[in-house]
Every structure is written in structure tokens, then in C-alpha cells.
Amino acid sequence: MIRCSQKYNAEVYALNYRIKEYEQKFAEVQNRISFVEGDREVEVLHRLLDGDSMRAIGKHMSVSSTTIFRVRNNILNQMMK
């Protein structure tokens, strides 16, 4: 019984740790969102944050997923300034 409880506690701890990591990453994106310039970049960023795939974003915007990858790279470059 103790082993199951310890395993459960370890799993909960690992999950909480991952959640905290994601919260920190999301906060960093929020802090840098003002660096993103361009209507296309802003739309792609918002759709990525909503969880849309590159393919779905490209389809919605009537561009290829390769273009969306390039736009995403532009977003990252702008955020890293």
C-alpha cells in the first residue's frame, strides 16, 4: 500500500513540476508578445497559443504550412530581440 502511495505522490509531483514549467514558459511568451510585429505574425502566434497545428493555421490563412513555419521562425526571432 505504501508503494502505491509513494508512486502516486511521485507522479503528482512530476505532473505539478511540468505544469509549473509550462506556466513559466507561457509567462515568458506573454512578456515578449509586444515584440511581435506584423498582422500575419500576430495571427499565427495567437493560433499557435490556441493549440492549432501548422497545417490548420496554413489552411485557415490559405498559405502553405511551410510559410507558417517561416512565420513562426520570424516570431521567435522577434521575441528573442
Exercise for the section: Name all residues meeting the side chain to side chain donor-acceptor pair (under 3.5 Å) criterion together with Ser65; count only those two or more places apart in sequence or in a different chain, and write none if there are none. Expected result: none
Problem - Distance, nearest 0.5 Å, that separates CZ of Arg40 from CG of Asn74 - result: 10.0 Å
Handout entry: Qualifying salt bridge (Lys or Arg N to Asp or Glu O under 4.0 Å) pairs with a residue from residues 10-20, counting only residues at least two apart or across chains
Key = none
Handout entry: Residues that, via side-chain heavy atoms closer than 4.5 angstrom, fall in one hydrophobic cluster with Met80
Key = none
Completion exercise
Contacts satisfying salt bridge (Lys or Arg N to Asp or Glu O under 4.0 Å) that involve residues 29-39 (not counting sequence neighbours) are Glu28-Arg32
Exercise for the section: Supply the atom-to-atom distance Ile57 CD1 to Phe69 CZ, rounded to the nearest 0.5 angstrom. Expected result: 9.5 Å
Exercise for the section: For Ile75 and Glu41, work out which heavy atoms get closest and say how close. Expected result: CD1-O, 3.2 Å
Without placing hydrogens or testing angles, list every side-chain donor-acceptor pair under 3.5 Å for residues 43-52, not counting sequence neighbours.
{"from": "Glu43", "atom 1": "OE2", "to": "Arg47", "atom 2": "NE", "distance (Å)": "3.3"}
{"from": "Arg47", "atom 1": "NH1", "to": "Asp52", "atom 2": "OD2", "distance (Å)": "3.4"}
{"from": "Arg47", "atom 1": "NH2", "to": "His60", "atom 2": "NE2", "distance (Å)": "2.6"}

Handout entry: Spatial distance of atom CG (Asn16) from atom CD (Glu23) [nearest 0.5 Å]
Key = 9.5 Å
Handout entry: Rounded distance (nearest 0.5 Å) linking atom CG of Leu76 with atom CZ of Phe35
Key = 14.0 Å
Completion exercise
side chain to side chain contact (heavy atoms under 4.5 Å, CB included) filter on Thr66, not counting sequence neighbours, yields Ser64, Arg70
